[in-house]
Structures are given as structure tokens and as C-alpha cells.
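Have a look at the structure below, then the notes.
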Number of protein chains: 2
Amino acid sequence: MKFNLSQAEENYLKAIYSIGIDTGKSVNTNQIALKMKTKASSVTDMVKKLSDKGLVEHKKYKGALVTSKGESIAVSTLRSHRLWECFLVDTLEFNWDEVHDIAEQLEHIKSDSLVDRLDKFLNFPSYDPHGDPIPDKNGVIEHHKNVMLSSVDPEASCIVIGVKDSSSSFLKFLDNAGICLGKKIKVLTVEDFDQSMQLEIESKVITVSHQISKNLYVKK
Amino acid sequence: MKFNLSQAEENYLKAIYSIGIDTGKSVNTNQIALKMKTKASSVTDMVKKLSDKGLVEHKKYKGALVTSKGESIAVSTLRSHRLWECFLVDTLEFNWDEVHDIAEQLEHIKSDSLVDRLDKFLNFPSYDPHGDPIPDKNGVIEHHKNVMLSSVDPEASCIVIGVKDSSSSFLKFLDNAGICLGKKIKVLTVEDFDQSMQLEIESKVITVSHQISKNLYVKK
DNA sequence: TAAAATTTTTAGACAAGTCTAAAAATATTT
DNA sequence: AAATATTTTTAGACTTGTCTAAAAATTTTA
Ligand SMILES: [Mn+2]
Ligand SMILES: [Mn+2]
Ligand SMILES: [Mn+2]
Ligand SMILES: [Mn+2]
């Protein structure tokens with residue numbers, strides 16, 4: 001079967017797929033509505049449509065999950081999104097906080113070979129500018145282990161490998177704080193009251209809220 | 001006033017603008033319908049809408065013309081289209097017959113600086129892969145003089161500078177015939193009956209129909 | 001210039017995707 | 001196990017862009 005999906009359908013599939021990956025469970029209507037910034041009733045309509053096309057499995061009142069066909073479409077949209085983000089940052093020299101909304105449009109361009117040629121031109125990158133893994137041509141994607149800065153113990157050091165939130169405001173905050181991918185962070189203290197953290201970054205000390213620390217992926 | 005136009009609106013504006021440039025006269029509903037591959041009634045609806053927005057001037061039963069606001073949007077869509085075609089051919093190494101339909105989608109991506117950054121990355125090209133002039137940042141566009149191969153006299157020589165038809169089938173024919181931009185062509189004879197032409201291209205002689213010769217822009 | 005042909009517009013319908021408000025089902029409290 | 005609260009679905013409406021068929025205007029022909 002040949003799938004020529006609308007942008008809306010692709011966006012919903014991506015949302016259902018990624019919430020499903022995060023939680024491991026069946027995805028609720030309201031969770032989808034929240035992610036898609038739309039109303040539950042619109043979600044119900046779309047889920048029905050995707051279910052009719054065999055792209056999601058849906059049990060009334062019990063939420064939805066992508067099928068394998070649905071997953072492969074969602075993953076290829078993610079691949080396209082992340083490669084375009086690489087292009088925008090590496091080739092066109094956008095800042096990492098400017099590219100998400102543009103990639104949100106570019107990911108839907110229909111062409112048999114466009115994304116693969118882009119991949120080749122970019123020299124087959126493994127991660128996008130926000131540290132998210134890029135699926136390969138066959139849809140194989142590495143799932144990283146989701147260690148957040150918020151779970152690092154006092155005195156321990158780690159390296160920033162990704163951001164959970166790609167919003168412009170969060171990324172601008174990180175720019176100002178001197179935090180970027182690959183940067184080494186040492187956790188000095190964690191405040192018991194609000195879980196805010198004192199961090200040492202290149203011999204400067206700063207304090208960040210839990211809101212910040214739970215949106216940064218780190219390793220080691 | 002801020003214009004956030006739909007893809008359909010941008011495509012109609014481009015069509016009305018380019019037919020208007022070609023003919024110099026007010027553009028008929030049926031001409032637009034033909035170019036847009038749609039029905040006259042749909043054109044009437046859209047022309048009304050564009051007229052309400054002040055982007056075209058329309059007199060009932062008398063056709064439409066873009067206003068200066070409409071023209072500047074049409075030209076900036078053309079600029080985007082042609083720069084993306086350059087990118088696809090020069091950077092991603094597509095053949096010139098593969099890029100039109102992809103650029104038709106890419107031209108509608110909304111971003112304040114994307115097209116200008118692309119322009120810079122491509123080193124400010126003046127022509128797209130089909131020989132069409134690329135408007136600059138301010139919407140200034142060179143209009144070339146439209147000399148067709150079909151109007152060249154026997155014994156005269158000329159150089160191919162553009163194609164009027166960007167369809168894949170026409171461009172593939174040209175590839176097979178060894179005709180590309182910059183190629184020198186000598187007209188040997190013109191058949192009186194069907195205006196077919198005998199051409200000499202790099203010491204090979206070929207015959208082409210009027211259909212072909214009237215779709216090639218040449219100079220000298 | 002009147003009849004015929006053509007072009008353009010109107011009228012009404014439809015599909016996609018969204019929304020609000022109300023009904024139905026499920027989950028949580030007591 | 002009811003009563004209450006929450007979630008999800010349905011019902012009906014709206015927008016955008018399209019279509020067919022019919023009416024109206026314009027142009028061409030005779
Ligand atoms: Mn999207
Ligand atoms: Mn990203
Ligand atoms: Mn287009
Ligand atoms: Mn072109």
C-alpha cells in the first residue's frame with residue numbers, strides 16, 4: 001500500500017510514536033491533545049482516521065499505539081526533521097534555537113530521494129543539533145538511556161549530550177549560561193527544598209532550577 | 001499588513017503574475033485554470049479572495065492582474081523556488097529534470113531568513129538550473145528578452161540560455177539530444193511544412209520539431 | 001444585430017481538519 | 001457500591017479549497 005499522508009497525519013503519528021516511546025504504554029487522547037496543542041475531540045477524529053489506515057491501533061477509551069507501519073512512517077519523519085535541523089545549523093549557520101519550527105515544515109516535503117541525498121551531503125550525521133539520534137535509511141534508531149542532570153549526585157561530574165525541550169526560550173537560556181552539547185558539568189550541591197542545583201561549568205559556578213536540570217540529558 | 005498566505009494562495013499569485021508578465025495583458029480565468037490545473041469556478045473563488053486581500057485587481061468577467069503587493073509576494077515565491085532548485089542541483093546533485101516538483105513544495109516554507117541564508121550559501125546565483133533569472137533580496141528581477149530557437153534563421157548560430165518548459169519529459173529529451181544550457185547550436189535548415197529544424201550541435205546533426213524549438217531560449 | 005458559442009460567475013455540494021458543547025464511558029472518592 | 005470527577009467520544013458547526021451543474025455575461029459568427 002502507498003501512503004501519501006497529510007502533514008497533519010504525519011504530525012499526529014510522530015506525536016503518538018514519541019509519547020509511546022517515552023512512556024511504554026498506550027497513549028491517551030489527552031496526552032496527544034497536549035502535545036499537538038489541539039482539542040481531545042480533534043484527536044479522536046484523527047486517531048480514528050489513522051486507525052482506519054492501519055497506522056495506529058486504537059481501542060475506544062483505551063488510547064492508541066502506532067503499528068509497525070505507523071512506526072516506520074513516524075521514524076522516517078523524525079529522520080527528515082533531524083537531518084534538516086543539521087542542515088540548517090551546520091550548512092546555513094542558524095543557531096540551534098532557531099531551527100525547530102523550520103524543520104517542522106521541511107520534514108513534510110515529499111520526494112523519493114531528497115532526505116537520503118541530504119543525509120549524504122551532511123556526511124551521515126548521527127545526532128541532530130539538540131543531541132537527538134538520527135534514524136538511518138532503514139529506520140534503525142539508537143535509543144539513548146535518558147539520564148537527566150537532575151538525577152546526578154552531588155560531587156559527580158557529567159557531560160551534556162542532549163536537551164529534552166527544544167524550545168527557543170530554553171535553548172537561549174542555555175546559550176547564556178554557557179551550556180552546550182559536550183560541555184562538562186560538575187554538580188556541587190542539590191538544594192533539598194526545591195531541588196535546585198549548584199553547578200560548576202569551566203570553573204564558573206551557577207545555580208539552576210529543577211525545571212532546567214530535568215531537561216538536560218547527560219552521560220557518565 | 002502581515003501576509004501569511006496559504007500554499008494555494010501563493011501558487012495562484014505566482015501563476016497570475018507569470019501569465020501577466022508573458023502576455024502583458026489582464027489574465028483570464030481560463031488561463032489561470034489551465035496553468036493551475038483546476039476549474040474556472042475554483043479560480044473565480046480564489047481570485048475573489050486574493051482581491052479581498054488587495055493582492056490582485058479584478059474586474060468581473062475581465063480578468064485579473066497582481067497589485068504591487070501581490071507582485072512582491074509572487075516574486076519572492078519565485079526567488080525561493082529558483083534558489084531551492086539551485087540547491088537541489090548544485091548541492092544535492094539532482095538532475096535538472098528532477099527538481100521542479102520538489103521546489104514547488106520547498107518554495108512555501110515560512111521563515112524570515114531561510115531563503116537569504118540559502119542564497120548566501122549558494123553564493124548568490126543569478127540563474128536557476130533552467131536558465132530562469134533569480135530575483136534578488138529586494139525583488140529586483142532581470143527579464144530576459146525571450147528569443148526562441150524557433151525564431152533563429154537558417155545558417156545562424158546561437159547559444160542555449162534557458163528552457164521555457166521545465167517538465168521532466170522535455171528536459172530528459174534535451175539530455176538525450178545533448179542539449180544543455182550554454183551549448184552552441186547552428187541552425188542548418190527550417191522545414192517549410194512543419195517548421196521542424198535541422199540543427200548542428202558539436203558537429204552532430206539532429207532534427208527537432210517546432211514543439212521543441214519554441215521551448216528553448218537562445219542568445220546571439 | 002440577432003443567434004450561437006464561449007467564458008465567467010454563482011449555487012450547492014463535498015472532504016479535511018478544526019472547534020464547542022453535550023453525552024457516554026471510565027476512574028476515583030467516599 | 002454509589003456518588004463524583006475525569007476522560008473520551010459524539011454531534012453539529014465552521015473554514016479552506018475543491019468540484020459539478022446551471023445561470024449570466026461577453027464575444028464571435030452569420
Ligand atoms: Mn510537522
Ligand atoms: Mn531536534
Ligand atoms: Mn508551489
Ligand atoms: Mn526552474
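On a predicted model such as this, the values are computed, not experimentally measured, just so you know. Lettering of chains follows the sequences in order, A, B, ..., and the numbering in each one begins at 1.
- Judged as a side-chain hydrogen bond (donor to acceptor under 3.5 Å, both in side chains), not a single pair has a partner in residues 58-74 of chain A (not counting sequence neighbours).
- Rounded to whole Å, atom C1' of dA15(C) lies 15 Å from atom CG of D52(A).
- Of the inter-residue distances, the one linking D128(A) atom CG with S166(A) atom OG reads 6.5 Å to the nearest 0.5 angstrom.
- Take the nearest nucleotide of DNA chain C for G63(B) and for E9(A): the residue whose nucleotide is more 5' is G63(B).
- OP1 and OP2 of dT8(C) both lie 4.0 Å or more from every side-chain N or O belonging to K59(B).
- Between atom NZ of residue K137(B) and atom OG of residue S76(B) there is a gap of 13.0 Å, rounded to the nearest 0.5 Å.
- Contact annotation: the side chain of I16(B) approaches that of I32(B) to within less than 4.5 Å [non-hydrogen atoms, C-beta and beyond].
- E107(B) has a carboxylate O that lies under 4.0 Å from a charged side-chain N of K14(B), or vice versa, which qualifies the two as a salt bridge.
- For H58(B) and dT9(C), the NE2 to C1' distance is 9 Å, given to the nearest whole Å.
- Using modelled atom types, one finds a donor on one side chain and an acceptor on the other under 3.5 Å when comparing H108(A) with N11(A).
- Near DNA chain D, defined here as any heavy-atom distance below 4.0 Å, there are no residues from residues 15-30 of chain B.
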Interface polar pairs with nucleotides 24-27 of chain C, N/O, under 3.5 angstrom:
residue, atom, partner, partner atom, Å
dA25(C), O4', Y61(A), OH, 3.3
dA27(C), OP1, K62(A), NZ, 3.3

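- Atom CD1 of I19(A) and atom OG1 of T23(A) lie 7.5 Å apart (nearest 0.5 Å).
- Look at CD on E10(A): it is 16 Å from P on dA16(C), rounded to the nearest Å.
- Between the CD1 atom of I32(B) and the C1' atom of dT8(C) there is a distance of 11 Å, rounded to whole Å.
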Would you tabulate the nitrogen or oxygen pairs shorter than 3.5 Å linking the protein to nucleotides 19-22 of chain D?
residue, atom, partner, partner atom, Å
dC19(D), OP2, T38(B), OG1, 2.5
dC19(D), OP2, K39(B), N, 3.3
dC19(D), OP2, S42(B), OG, 3.0
dT20(D), OP2, K39(B), NZ, 2.9
dT20(D), O4, S41(B), OG, 2.9

Would you give me the side-chain donor-acceptor pairs under 3.5 Å for residues 167-177 of chain B, sequence neighbours excluded?
residue, atom, partner, partner atom, Å
S167(B), OG, D165(B), OD1, 3.0
S167(B), OG, D165(B), OD2, 3.4
S167(B), OG, S169(B), OG, 3.4
S167(B), OG, F170(B), N, 3.3
S168(B), OG, D97(B), OD2, 3.0
S168(B), OG, K172(B), NZ, 3.4
D175(B), OD1, W96(B), NE1, 3.0
D175(B), OD2, W96(B), NE1, 3.4

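- Look at D116(B) and R79(B) and you find a salt bridge, because one of the NZ, NE, NH1 or NH2 atoms lies within 4.0 Å of a carboxylate O, short of that distance.
- With sequence neighbours excluded, no residue forms a ring pair (Phe, Tyr, Trp, His ring centres under 6.0 Å) with F94(A).
- Surrounding NZ of K25(B) are at most 12 heavy atoms belonging to other residues, nucleotides or ligands under 6.0 Å away.
- When rounded to the nearest whole Å, the span between CD of Q31(B) and P of dT6(C) equals 17 Å.
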